[in-house]
Amino acid sequence: MTQTTDKELASVYNARETEKEIYKFWEDNNCFKADSSSEKEPYSIVIPPPNVTGVLHMGHALDGTLQDILIRYNRMLNKEVLWMPGCDHAGIATQNVIEKNLAKEGLSRFDLGRDKFIEKTWEWANDHKNRILEQFKLLGASFDLSRKRFTLDKGCSDAVKKVFVDLYNKGLIYRGSYIVNWCPRCQSAISDIETNYEEQEGHLWEISYALKDTMGAIVIATTRPETMFGDVAIAVNPSDYKYKDLIGTSCVMPLTGRVIPIIADEYVDKSFGTGALKITPAHDPNDFEVGLRHNLPQIKVIDEKGNMMSNEFVPPQLQGLTREEAREKTVKMLEENQVLVRVTKHKHNVGTCQRCSTTIEPLLSRQWFVKMKPLAEPAIEAVKSGKIKFIPQRWEKNYLMWMENIRDWCISRQLWWGHQIPAYYHNETGEMVVALENPDPKNYTQDKDVLDTWFSSGLWSFETMGWPDTNCADYKKFYPTNTLVTGFDIIFFWVARMITMGLEFTKKPPFSTVFIHGLIRDEHGQKMSKSKGNTIDPVDLIEKYGCDALRFTLTYLCTYGGQDIKISDEKFEFGRNFSNKIWNASRYVLMNITKSQKELELDFDNLTIADKWILNELNETIKGVNENLESYRIGEVAGQLYDFFRSKYCDWYVELSKIEKNEAVLVYVLAQFLKLLHPIMPHITEAVWQKMPQIKESKAILKANYPKYLPELKFEEDSKKMETVFETIKALRNARAEFNIPLGSKIDIVLDKNEDLYSQIIPYLNRLAKVGAVKFEKDCNIPKSAYCNVLDTKITIPLEDLIDLKQEIARQNKKAEKLITELKSVEGRLNNDKFTSSAPEDVVQKTKERKDELTKEIALIKETIKKLS
RNA sequence: GGGCGUUUAGCUCAGUUGGUAGAGCGCCUCCCUUACAAGGAGGAUGUCGGGAGUUCGAGCCUCUCAACGCCCACCA
């Protein structure tokens with residue numbers, strides 16, 4: 001092997017060095033800039049904005065790669081493309097990071113105060129905000145950074161305010177006291193979808209409440225005894241005969257002696273527990289509903305920190321305890337008072353905070369909500385009518401089910417990092433004004449709460465395009481966008497909200513296709529997470545294998561069904577090896593070009609069958625790749641290109657070119673292949689492209705035209721002939737291997753027919769199967785020979801002493817057996833009248849042809865065996 | 001409780017309207033043939049989760065059972 005210091009000729013591809021150079025070339029030439037004044041057809045994608053303080057993870061790598069593939073493909077279709085980049089302020093997530101840092105210094109956000117805290121968070125965000133988009137560059141992302149946005153920038157903030165005020169004025173945003181999911185650690189309300197449920201092993205406590213007016217008691221069952229101090233009633237099912245006489249009477253609560261009514265409500269399940277249910281409207285969502293129906297008071301006994309409150313309802317010895325402590329103590333007290341009837345183990349689901357896993361406290365709280373039903377209707381219609389379609393389609397069902405059962409969205413958060421709610425209260429009268437600006441900063445104070453992060457990301461598709469200025473160039477050119485690419489995990493959080501908000505405020509679906517891909521998992525199928533320590537850093541992979549290798553491997557693993565993708569570090573060797581193969585094959589081609597640019601034009605009058613074959617294969621690949629890109633079968637595209645390049649171009653055409661070459665075809669096919677592959681492996685294709693001498697339509701491959709199927713490149717007949725040649729070479733190689741004939745010694749062959757074809761390709765046989773003399777003879781009869789048949793051509797390989805006749809007979813028998821099995825099945829079908837009458841004509845025809853082939857081949861083999869015996 | 005997904009070679013997974021199973025990695029044999037050993041040539045390996053059905057024909061369609069996984073709902 002020759003080593004050279006010249007990196008242009010290095011036999012091992014240096015991915016990182018090339019990638020850095022190429023990306024810089026694109027940036028220096030402003031290649032990613034979108035022109036809103038262009039006449040070209042637009043194509044746009046908005047990035048799912050990553051967390052401003054985040055780092056690139058494998059999910060981004062996949063999501064970003066797929067977006068970049070679509071962007072680059074459409075750019076090569078000569079469209080005006082815009083990939084809009086940006087970041088999300090990620091309210092709770094970011095605030096948690098800052099609070100954690102403060103905690104290291106023993107401080108809480110309250111020690112700093114709101115202004116100082118926000119200032120600190122901005123500092124952090126500004127320090128980190130370029131990091132993740134810089135990392136996206138390592139992925140080869142061809143987004144337009146000149147348009148970079150941030151959900152807390154002026155434009156987005158203005159859009160958020162306008163949307164809030166408009167929705168409020170339309171009556172679609174309201175404020176009220178309801179049960180919400182409260183996270184005592186975040187000290188904030190969170191929405192239903194930010195609440196996860198996990199099954200926990202708990203207890204069911206049965207507690208006896210004495211009847212007030214008569215002897216006896218009613219026993220209720222609860223999983224949360226500490227909430228009993230907030231009880232306002234006992235409810236039973238109206239049809240429950242056990243309790244029929246008690247409805248309308250009262251009972252006396254243990255421990256506090258407070259008197260509460262016994263009521264009847266359909267909600268109560270007769271068969272669960274004791275059939276009697278304590279009603280605690282301030283701490284349970286279902287009890288809250290029951291309470292409203294019966295006009296019951298709401299008594300809060302647990303505060304926002306999750307501690308027992310200090311009020312007249314909570315016994316003094318429990319006041320100030322945590323929920324957990326209070327539960328233990330309450331049970332003890334109940335036991336001491338002999339009102340604890342029974343304790344059983346009970347599995348139940350407990351709500352936890354998506355961000356910090358703290359157990360949720362359902363809490364009565366005054367919050368802002370979006371009335372979702374009216375907004376959901378057009379969003380449902382848009383998907384049902386096909387104006388927006390999901391790929392894979394099965395997600396539509398998921399989306400529709402959620403939308404059709406939508407509940408109001410709690411949008412206020414008791415955080416500091418985010419869009420402060422544009423509601424202002426008069427300092428004295430408390431009068432509320434919802435407006436874009438504070439009507440009178442002296443006398444009005446703004447609502448302390450901020451909005452759910454997803455409120456602003458829900459506007460992302462149009463707020464980034466200049467909305468509410470619907471006359472601005474970007475909005476007019478690039479909105480609505482075309483494709484949204486994301487994982488299924490944020491369909492409800494983000495996709496659904498963008499569709500509702502987009503339709504409400506722009507009257508247009510914000511995108512026409514939602515392309516959903518799977519999640520990246522570790523090699524055992526586990527979700528990757530820092531806490532599990534099973535993450536793989538895409539930046540490391542890029543350093544180790546190259547960005548193109550990462551992109552190609554991920555793309556290759558993408559299935560149309562959007563299955564999750566299991567990865568391990570070593571899997572990326574696949575992409576790296578392919579990069580190296582491309583590099584070396586290109587190197588070979590470049591080293592072998594002797595002709596001038598003019599002479600490298602395709603000359604259709606001067607093509608060998610090998611040339612026609614590879615052009616035909618290329619053309620078929622072009623067809624498949626275009627179809628698959630249009631239908632989002634991206635993994636299939638990678639597969640087809642891999643197969644074409646390795647198994648067709650390198651294994652055969654390049655090898656054949658060492659015997660007899662058509663430089664024009666060699667270069668043409670490589671150039672077309674590079675263009676086809678460019679969206680997936682942008683750097684290496686650009687690097688090779690720029691070294692190629694042939695006449696090019698574009699200096700940068702990124703702006704070249706994507707190859708289209710060309711009827712003039714269809715050479716069906718000659719391709720078939722060439723396939724026969726390959727079969728022959730394989731058969732000869734196989735025979736050589738079986739008889740261990742060293743490469744040094746050539747084999748002579750005798751063919752019994754098809755002189756026309758084979759005499760053309762004698763040099764191929766010489767070189768690729770190490771064949772010596774080639775003779776044509778009808779009835780060749782050399783006893784000590786090996787045989788192979790290609791279609792109906794019989795090839796005799798005289799081997800003299802090299803051959804073990806028994807071995808050759810066995811070899812032939814084995815071949816015959818296989819064919820006979822197939823022949824039997826084929827004949828079975830053809831002898832079946834039902835098959836011949838009901839199967840499609842072409843299938844029957846093909847089966848007949850196959851039968852003839854098999855019959856001929858088997859006859860030849862039998863004849864061979866006879867001769868050998 | 002409702003919905004969805006998965007089960008195919010030793011491993012990881014493809015398999016687009018039903019026509020008789022493929023890739024990568026791994027394994028065995030041979031080869032440093034001047035593009036590439038991150039390579040090349042040849043080879044072995046699967047009653048396509050079980051069962052039933054529809055069909056001339058099922059990995060693919062229908063039903064059923066099983067295992068694993070996910071989402072939604074939230075029964076105290």
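Naming convention: chains lettered A, B, ... in sequence-line order (proteins, then strands); numbering from 1 in each chain. Every value quoted in this text rests on a predicted model; they were computed, and no experiment measured them.
Between the CZ atom of F272(A) and the P atom of rA76(B) there is a distance of 5 Å, rounded to whole Å. For the pair Q200(A) CD and rA76(B) P, the computed distance is 12 Å after rounding to whole Å. Across the protein-nucleic acid pair, Y588(A) atom OH and rA35(B) atom C1' stand 8 Å apart, rounded to whole Å. rC72(B) atom C1' lies 14 Å from atom CZ of F488(A), rounded to whole Å. For the pair N628(A) CG and rU16(B) P, the interatomic distance rounds to 11 Å; values are reported in whole Å. Counting to the nearest Å, the P atom of rC28(B) and the CD atom of E738(A) are 19 Å from each other.
With respect to the salt-bridge test (charged N to carboxylate O, under 4.0 angstrom), the residues R646(A) and D651(A) do not qualify. Between K270(A) and D240(A), no side-chain nitrogen of the basic residue sits less than 4.0 Å from a carboxylate oxygen of the acidic one, so the salt-bridge criterion is not met. Salt-bridge check for K389(A) with E396(A): failed, with every basic side-chain N at 4.0 Å or more from each acidic carboxylate O.
The C1' atoms of rG51(B) and rA58(B) are separated by 15 Å, rounded to the nearest whole Å. Comparing the C1' positions of rC71(B) and rA52(B) gives an interatomic distance of 31 Å, to the nearest angstrom. Across the P atoms, rC31(B) and rU47(B) are found 34 Å apart, a figure rounded to whole Å. The gap from the P atom of rC60(B) to that of rU64(B) amounts to 16 Å, rounded to the nearest Å.
Residue-level contact check: R633(A) touches the bases, meaning some heavy atom is under 4.0 Å from a base atom. Residue V654(A) is in base contact, counting any heavy-atom pair closer than 4.0 Å across all strands shown. Residue N734(A) is in sugar-phosphate contact alone, with no base atom involved, counting any heavy-atom pair closer than 4.0 Å across all strands shown. Looking at heavy-atom distances under 4.0 Å, Y197(A) makes contact with a base. Note on F492(A): only backbone sugar-phosphate atoms sit closer than 4.0 angstrom, heavy atoms only; bases stay farther off. D651(A) comes within 4.0 angstrom of the backbone, heavy atoms only, and of no base.
For the OP1/OP2 pair of rA76(B) and a distance below 4.0 Å, the side-chain nitrogens and oxygens of H346(A) include at least one atom meeting the criterion. Dashed line: the shortest gap from a side-chain N or O of R646(A) to OP1 or OP2 of rG40(B) is under 4.0 Å. Between rG39(B) and N584(A), no contact under 4.0 Å exists linking OP1 or OP2 to a side-chain N or O. Contact annotation: K397(A) reaches the phosphate of rC4(B) (side-chain N/O to OP1 or OP2, under 4.0 Å).
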Could you check Y13(A) against W583(A) for ring pair (Phe, Tyr, Trp, His ring centres under 6.0 Å), going step by step and ending with a plain yes or no? CA-CA 6 Å; Y13(A) 174 54; W583(A) 180 253; 5.0 Å; yes
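Not a single donor-acceptor contact under 3.5 angstrom links the side-chain atoms of R733(A) to the base of rA41(B). On a pure distance criterion of 3.5 Å, no polar donor-acceptor pair joins the side chain of N398(A) and the base of rC4(B).
More than 12 heavy atoms of other shown residues, nucleotides or ligands fall within 6.0 angstrom of atom CZ in R293(A).
Of the two residues contacting RNA chain B, namely W402(A) and D269(A), the nearest-nucleotide position lying further toward the 5' end is that of W402(A).
Among the nucleotides rA38(B), rA76(B), rG42(B), the one closest to the side chain of A737(A) is rG42(B). Proximity note for K658(A) (side chain, C-beta onward) versus rA35(B), rC4(B), rC74(B): the nearest is rA35(B).
Note that the CG atom of L204(A) and the CD1 atom of I220(A) stand 9.0 Å from one another [nearest 0.5 Å].
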Show the distances under 3.5 angstrom between N or O atoms of the protein and N or O atoms of nucleotides 53-61 of chain B.
| from | atom 1 | to | atom 2 | distance (Å) |
| --- | --- | --- | --- | --- |
| rC56(B) | O2' | N832(A) | ND2 | 3.1 |

Between protein and nucleotides 11-14 of chain B, what N or O pairs are separated by less than 3.5 Å?
| from | atom 1 | to | atom 2 | distance (Å) |
| --- | --- | --- | --- | --- |
| rU12(B) | O2' | K571(A) | NZ | 2.4 |
| rC13(B) | OP1 | K566(A) | NZ | 3.4 |
| rC13(B) | OP2 | K566(A) | NZ | 2.9 |

